[in-house]
Amino acid sequence: MQSSLRAIWKFGRGLWHVLGGMWTIYVRFPQLSTEQREMHVQAWALQFLALWQIHLKVVGQPVRSGPALLVSNHISWLDIMVIHAARHCRFVSKSDIRDWPLVGMLATGAGTLYIERTNRKDALRMVKVMANAMQEGDVVAIFPEGTTSDGLDLLPFHANLIQSAIQAQAPVQPMALQFVDTNTGAITLAPCYIGEDTLLGSMWRTLKAPGITAVVHFGALQQADGRDRRTWAHDLREDVIRLRDACNAHGSNERST
């Protein structure tokens with residue numbers, strides 16, 4: 001009963017924070033520079049995690065500036081919030097999200113690029129959009145698995161959007177996400193959003209969990225070095241797996257937020 005009451009309290013605080021974020025986007029963002037908007041998005045994401053008592057641990061160094069493409073595994077609806085808290089970037093998301101209540105406005109305000117996943121030809125358009133964004137100095141992020149997994153194993157990486165980095169001659173930074181129990185350090189599946197999970201069910205498990213630490217592990221920047229998109233996607237998947245496996249190997253001497 002007590003854990004349920006705490007969960008309800010955290011949910012209410014999070015909802016109020018979301019409404020505050022919408023007000024910021026609607027009222028303040030038109031008056032801010034791109035850099036100021038990015039700082040607000042990162043600060044907002046950090047505050048959201050704090051309100052839900054989710055700790056953030058960052059291992060390695062995120063790319064300092066664009067152009068760059070971030071490539072990550074995908075576990076939860078919470079992933080975007082966690083990555084924004086570690087390093088602001090422009091996500092590529094399915095177009096449905098644009099029309100979601102509350103979430104759509106926040107995603108658009110954070111600079112999300114939308115792709116029609118049901119239209120295979122739209123990937124060609126998105127590659128061009130992503131390449132242009134990176135050439136203008138943006139850091140763009142994708143989940144090449146194309147959907148969420150439990151984080152214990154990675155799905156094959158789709159190579160289509162990797163072409164944008166080749167086209168823009170931009171480096172790619174592999175990164176890995178993992179959620180662990182703050183007290184034990186063991187992997188927790190509470191935030192997972194896979195299979196028959198519902199969004200509310202995943203949120204409720206996350207809110208009721210005794211303590212969660214989101215570990216974000218950034219790898220080294222790399223260039224294509226003559227690889228085509230399929231070969232590079234395969235190599236990046238192997239890199240993300242190594243980074244994920246190393247998440248629990250880092251001690252308290254790593255930088256935490």
Query raised in the report: Is any side-chain heavy atom of Pro174 closer than 4.5 Å to a side-chain heavy atom of Leu243?
Result: yes
Report task. Step through the shown structure and confirm whether more than 12 heavy atoms of other residues, nucleotides or ligands are within 6.0 Å of CD on Gln169. Result -> no
Query raised in the report: Do the side chains of Ile75 and Ile241 join up, straight or via other hydrophobic residues, at under 4.5 Å, putting them in one cluster?
Result: no
Query raised in the report: Any side-chain donor paired with an acceptor under 3.5 Å for Thr182 and Thr213?
Result: yes
Query raised in the report: Where the side chain of Gln163 meets the backbone of Asn160, is there a donor-acceptor pair that is under 3.5 Å apart?
Result: no
Quiz: residues 18-29 side-chain donor-acceptor pairs under 3.5 angstrom, not counting sequence neighbours:
unit_1	atom_1	unit_2	atom_2	d
Thr24	OG1	Gly20	O	3.1

**Report entry** Donor-acceptor contact below 3.5 Å, side chain Lys208 vs main chain Ala7
**Finding:** no
Query raised in the report: Side chain of His17, backbone of Trp44: donor and acceptor closer than 3.5 Å?
Result: yes
Requested in this report: Over all heavy atoms of both residues, which pair between Val63 and Arg87 is shortest? Give the atoms and the distance, please.
Outcome: O-NE, 2.9 Å
Report task. Measure across Leu69 and Met130 and return the closest heavy-atom pair with its distance rounded to 0.1 Å. Result -> CD1-CE, 3.8 Å
Query - Closest contact, heavy atoms only, Ser65 versus Val139 - result: C-CG2, 4.0 Å
**Report entry** Side-chain donor or acceptor of Gln173 paired with backbone N/O of Leu221 under 3.5 Å
**Finding:** no
Query - Shortest non-hydrogen separation from Phe179 to Pro191 and the atoms involved - result: CG-CG, 3.7 Å
Query - Pair Thr206, Trp52: side-chain N/O donor-acceptor within cut-off below 3.5 Å - result: no
Report task. Measure from the side-chain N and O atoms of Arg244 to the backbone N and O of Leu152, and report whether any donor-acceptor pair falls under 3.5 Å. Result -> yes
Query raised in the report: Just by modelled atom types, is the Ala190 backbone N or O under 3.5 Å from a matching donor or acceptor in the Arg205 side chain?
Result: yes
**Report entry** Evaluation steps, side chain to side chain contact (heavy atoms under 4.5 Å, CB included), between Met175 and Val71
**Finding:** CA-CA 6 Å; Met175 59 174 289; Val71 169; over 6 Å; no
Requested in this report: Answer yes if the side chains of Asp79 and Ser76 hold a donor-acceptor pair under 3.5 Å, and no otherwise.
Outcome: no
Requested in this report: For Thr188 and Asp181, indicate whether the former's side chain and the latter's backbone hold a donor-acceptor pair under 3.5 Å.
Outcome: no
Query raised in the report: In terms of heavy-atom contacts, does CZ of Arg230 have more than 12 from other residues, nucleotides or ligands at under 6.0 Å?
Result: no
Query raised in the report: For residues 129-151, which residue pairs qualify under side-chain hydrogen bond (donor to acceptor under 3.5 Å, both in side chains), counting only residues two or more places apart or in two chains?
Result: Arg90-Asp138, Glu145-Ser149
Report summary line: Value for CZ (Phe218) from CD1 (Ile83), rounded to nearest 0.5 Å, stands at 7.5 Å
Query raised in the report: Side-chain donor-acceptor pair under 3.5 Å between Arg227 and Gln222, yes or no?
Result: yes
**Report entry** Minimum heavy-atom distance Ile80-Ser93, with the two atoms named
**Finding:** CD1-OG, 4.1 Å
Query raised in the report: Is the backbone N or O of Ala107 less than 3.5 Å from a side-chain atom of Thr112, with the two atoms forming a donor-acceptor pair by type?
Result: yes
**Report entry** side chain to side chain contact (heavy atoms under 4.5 Å, CB included) between Leu78 and Leu49, worked out
**Finding:** CA-CA 9 Å; Leu78 196 55; Leu49 295 180; 4.2 Å; yes
Query - Thr198-Tyr193 side chain donor-acceptor pair, cut-off 3.5 Å - result: no
**Report entry** Candidate pair Trp232 and Val172, rule side chain to side chain contact (heavy atoms under 4.5 Å, CB included), full reasoning
**Finding:** CA-CA 10 Å; Trp232 203 2; Val172 173; 3.4 Å; yes
Query raised in the report: Can you tell me how far the CG atom of Leu189 sits from the CD1 atom of Ile187, to the nearest 0.5 Å?
Result: 7.5 Å
Query raised in the report: So, for Pro67 and Pro171, which heavy atoms are closest and what is the spacing to 0.1 Å?
Result: O-CD, 3.3 Å
Query raised in the report: salt bridge (Lys or Arg N to Asp or Glu O under 4.0 Å) between Asp245 and Arg242: does it pass, once the steps are laid out?
Result: CA-CA 5 Å; Asp245 291 346; Arg242 283 192 288 270; over 6 Å; no
Report summary line: Interatomic distance, NZ@Lys128 vs OG@Ser164, rounded to 0.5 Å, equals 14.0 Å
Requested in this report: Report the distance from atom CG of Leu207 to atom NZ of Lys10, rounding to the nearest 0.5 Å.
Outcome: 5.5 Å
Report task. Could you state whether Leu177 and Trp77 fall into the same hydrophobic cluster, counting links through intermediate Ile, Leu, Val, Met, Phe, Trp or Tyr residues with side-chain heavy atoms under 4.5 angstrom apart? Result -> yes
**Report entry** His88: ring-ring contact (aromatic ring centres under 6.0 Å, His included) partners, not counting sequence neighbours
**Finding:** His84
Query - Evaluation steps, side chain to side chain contact (heavy atoms under 4.5 Å, CB included), between Lys57 and Val216 - result: CA-CA 6 Å; Lys57 181 176 182 179; Val216 183; over 6 Å; no
Query raised in the report: In the single-linkage hydrophobic clustering (I, L, V, M, F, W, Y; side-chain heavy atoms under 4.5 Å), do Trp204 and Trp9 co-cluster?
Result: no
Requested in this report: Check whether any side-chain heavy atom of Val180 lies under 4.5 Å from a side-chain heavy atom of Gln178, and answer yes or no.
Outcome: yes
Query raised in the report: Met126 and Leu70: same hydrophobic cluster, using ILVMFWY side-chain contacts below 4.5 Å?
Result: no
Requested in this report: Spell out, as yes or no, whether a donor-acceptor pair under 3.5 Å connects the side chain of Arg237 to the backbone of Asn73.
Outcome: no
Query raised in the report: Under a single-linkage definition using a 4.5 Å side-chain heavy-atom cutoff for Ile, Leu, Val, Met, Phe, Trp and Tyr, are Val92 and Leu155 assigned to the same hydrophobic cluster?
Result: no
Requested in this report: Kindly compute the distance separating CD1 (Ile142) from SG (Cys89), expressed to the nearest 0.5 Å.
Outcome: 11.0 Å
Query raised in the report: From Phe157 CZ over to Phe143 CZ, what is the distance, rounded to the nearest 0.5 angstrom?
Result: 10.5 Å
